Trainee: 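Have a look at this one.
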2 protein chains.
Amino acid sequence: MMAEADSGTVDLEIIVQGTQEGKKQELRLWLRMLSTTKLVSQEIRRRLRNEFGATLPQFDLMAQLYRERDGLRLGELSKRTMVTNGNVTGLVERLEADGLVLRETPDGDRRVTVAKLTKRGEELFSSMAAAHEGWLRDMMADVDPAIVTELWKDIGEVKSSVNNHLSGAD
Amino acid sequence: MMAEADSGTVDLEIIVQGTQEGKKQELRLWLRMLSTTKLVSQEIRRRLRNEFGATLPQFDLMAQLYRERDGLRLGELSKRTMVTNGNVTGLVERLEADGLVLRETPDGDRRVTVAKLTKRGEELFSSMAAAHEGWLRDMMADVDPAIVTELWKDIGEVKSSVNNHLSGAD
DNA sequence: TCTAAACCTTTGACATTTGAAATATTGCTC
DNA sequence: GAGCAATATTTCAAATGTCAAAGGTTTAGA
């Protein structure tokens with residue numbers, strides 16, 4: 001596929017970063033990121049369901065509330081969980097029905113709804129979070145810790161590049 | 001947090017890879033992978049909608065059919081797209097209604113349904129695929145190609161580790 | 001103050017998603 | 001060849017997801 005130089009010398013630069021197959025690398029990376037993420041998500045979903053009777057979106061939402069004990073406005077929750085507004089409404093409704101979250105409207109601004117974890121919500125999330133962290137350590141047990149750190153850094157670059165090339169709203 | 005040796009010497013190994021922050025690296029990596037994947041997915045979803053009136057799951061499904069011109073059984077489609085069986089049924093139904101996919105039952109085994117792209121489906125997918133690849137190159141434009149390649153390799157290790165530590169079915 | 005723009009959440013229509021149960025067909029075994 | 005496990009798909013209920021439009025509230029300006 002790749003033509004060798006006519007003399008004995010080899011053009012290393014081309015081999016290393018150039019034409020090699022360097023066309024659809026981004027697509028290839030994306031497909032692998034996507035399938036890996038799906039794989040992990042499915043595993044976490046399964047364990048959350050089996051061990052805690054919770055769903056992944058519920059876990060994500062509670063995670064945000066757990067670190068903001070004063071609660072969050074639904075719009076803010078929407079941004080942080082990357083879930084649409086309308087979706088947050090239903091999610092919070094169901095969690096409230098289960099007694100894990102409560103909603104209140106602050107005095108100052110009656111347009112706003114703030115969601116907080118209840119006592120029960122805090123306790124449940126606390127144990128889910130501990131398990132969750134363990135599952136991830138488990139799943140990534142075969143990966144060299146140095147690579148984990150490196151991946152974190154490099155994926156950060158991907159994320160920031162993507163953020164700089166969005167078409168719609170931020 | 002980390003006990004210092006009693007003499008003047010410092011245990012570099014512990015500092016470097018041990019306690020430093022080395023506790024929740026896997027969790028941190030996972031959160032970043034997840035948010036990055038969501039970000040890219042949303043961008044692709046938006047562009048598919050705006051430019052082609054298609055959804056992301058439809059695109060994924062058609063991608064599998066595009067590379068198997070003889071069609072695929074629904075179960076096989078389910079595995080390859082990592083989408084549940086029941087879900088594939090509905091997706092294919094809607095694509096069939098739009099004239100992009102057709103279903104047929106082979107003579108040999110009447111339990112089976114095979115889905116294929118129609119002519120129109122092939123044409124549409126072909127142009128979507130070209131655009132899709134371009135979007136990804138765009139979004140990752142600021143990332144050094146060497147890092148793209150490295151990420152592909154390292155994420156492969158993550159994926160294979162995860163595959164070795166699944167609780168449920170393969 | 002009256003009103004229009006801006007802000008925040010909910011609602012509604014529809015698509016996707018999961019997990020489990022139901023159906024249909026095949027292949028094997030006795 | 002009747003019964004039964006194994007396969008393959010569909011159906012169902014409930015949850016999640018998007019997008020757009022509609023509902024209240026607040027804020028600012030005329």
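To find a chain, count down the sequence lines: A is the first, B the second, and so on, and within it residues start at 1. Everything quoted here is computed from the prediction, not taken from an experiment.
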Trainee: May I ask you to decide if A:Leu72's main-chain N or O and A:Gln64's side chain share a donor-acceptor pair within less than 3.5 Å?
Mentor: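 Not confirmed, A:Gln64 side chain does not pair with A:Leu72 backbone.
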
Trainee: Between A:Arg110 (side chain only) and A:Asp107 (backbone N and O only), is there a donor and an acceptor less than 3.5 Å apart?
Mentor: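 Not confirmed, A:Arg110 side chain does not pair with A:Asp107 backbone.
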
Trainee: State which of C:dA15, C:dT18, D:dT9 makes the closest approach to the side chain of B:Thr55.
Mentor: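 Closest of the options to the side chain of B:Thr55: C:dA15.
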
Trainee: So which nucleotide from C:dT10, C:dA24, C:dC8 ends up closest to the side chain of B:Arg111?
Mentor: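 It is C:dA24.
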
Trainee: Which of these nucleotides, C:dC7, C:dT10, D:dT9, is closest to any side-chain atom of B:Thr89?
Mentor: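 Nearest nucleotide to the side chain: D:dT9.
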
Trainee: How many whole angstroms separate atom CG of B:Asn87 from atom P of D:dT11?
Mentor: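 After rounding, the gap between these two atoms is 14 Å.
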
Trainee: Please determine whether a side-chain nitrogen or oxygen atom of A:Thr84 lies at a distance below 4.0 Å from atom OP1 or OP2 of D:dC19.
Mentor: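 Looking at the OP1 and OP2 atoms of D:dC19, neither is under 4.0 Å from any side-chain N or O of A:Thr84.
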
Trainee: Is the distance from OP1 or OP2 of D:dT18 to the nearest side-chain N or O of B:Arg45 less than 4.0 Å?
Mentor: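 So the side chain of B:Arg45 is outside the cut-off, no N or O lying under 4.0 Å from OP1 or OP2 of D:dT18.
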
Trainee: Would you kindly give the CG-to-P distance between B:Asn85 and C:dT17, to the nearest whole Å?
Mentor: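 It is 14 Å, rounded to the nearest whole Å.
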
Trainee: Just N and O in the side chain of B:Gln42: are any of them under 4.0 Å from OP1 or OP2 of D:dT18?
Mentor: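 Yes.
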
Trainee: Can you tell me which residue among B:Thr84, B:Asn87, B:Asn85 is in a side-chain hydrogen bond (donor to acceptor under 3.5 Å, both in side chains) with B:Ser78?
Mentor: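 The single option meeting the side-chain hydrogen bond (donor to acceptor under 3.5 Å, both in side chains) with B:Ser78 is B:Asn85.
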
Trainee: Go nucleotide by nucleotide along DNA chain D from the 5' end; which of B:Arg49 and B:Thr113 gets its closest nucleotide reached first?
Mentor: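 Result of the comparison: B:Thr113.
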
Trainee: Taking the six-membered ring of A:Phe52, is NZ or CZ of A:Arg49 closer than 6.0 Å to its centre and within 45° of its axis?
Mentor: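 No, A:Arg49 and A:Phe52 do not form such a contact.
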
Trainee: Over how many whole Å does the gap from A:Asp107 atom CG to D:dT26 atom P extend?
Mentor: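 Between P of D:dT26 and CG of A:Asp107: 11 Å.
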
Trainee: Could you pick out which residue, A:Asp109 or A:Leu91, lies toward the 5' side of DNA chain D when each is mapped onto its nearest nucleotide?
Mentor: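 The residue mapped nearer the 5' terminus is A:Leu91.
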
Trainee: Using heavy-atom distances to pick each residue's nearest nucleotide on DNA chain C, tell me which of A:Asn50 and B:Val83 is more 5'.
Mentor: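 In this pair, the answer is B:Val83.
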
Trainee: Taking the side chain of B:Pro57 as heavy atoms from C-beta outward, which of D:dG17, C:dT17, D:dT25 is closest to it?
Mentor: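 Closest nucleotide among those given: C:dT17.
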
Trainee: Between C:dT17 atom P and B:Leu56 atom CG, what is the distance in whole Å?
Mentor: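 For the pair B:Leu56 CG and C:dT17 P, the rounded distance is 8 Å.
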
Trainee: Can any side-chain N or O of A:Arg45 pair as donor or acceptor with the backbone N or O of A:Leu56 at less than 3.5 Å?
Mentor: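 Checked: no pair found.
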
Trainee: If you look at every strand shown and take non-hydrogen atoms under 4.0 Å, does B:Gly75 touch a base, only sugar-phosphate, or nothing?
Mentor: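 Sugar-phosphate, no base atom in range.
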
Trainee: Calculate the interatomic distance between A:Lys38 atom NZ and C:dT17 atom C1'; express it in whole Å.
Mentor: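 It is 11 Å, rounded to the nearest whole Å.
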
Trainee: Among D:dT10, C:dT26, D:dT11, find the nucleotide with the atom closest to the side chain of B:Glu93.
Mentor: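 The answer is D:dT11.
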
Trainee: What is the distance, to the nearest angstrom, from the NZ atom on B:Lys79 to the C1' atom on D:dA8?
Mentor: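 Rounded to whole Å, this separation is 10 Å.
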
Trainee: Indicate the atoms forming the closest heavy-atom contact of A:Thr81 with B:Lys38, along with that distance.
Mentor: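 A:Thr81 and B:Lys38 have their closest heavy atoms at O-NZ, 3.2 Å.
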
Trainee: Using atom CG of B:Leu77 as one end and atom C1' of D:dA8 as the other, report the distance to the nearest whole Å.
Mentor: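 Checked: the CG to C1' distance equals 13 Å.
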
Trainee: Kindly say whether, by distance alone, the side chain of B:Arg110 makes a donor-acceptor pair under 3.5 Å with the base of C:dT25?
Mentor: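 Side chain to base: no pair present.
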
Trainee: Rounded to whole angstroms, how far apart are CG on A:Leu74 and P on D:dT25?
Mentor: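 So the two atoms are 16 Å apart, to the nearest Å.
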
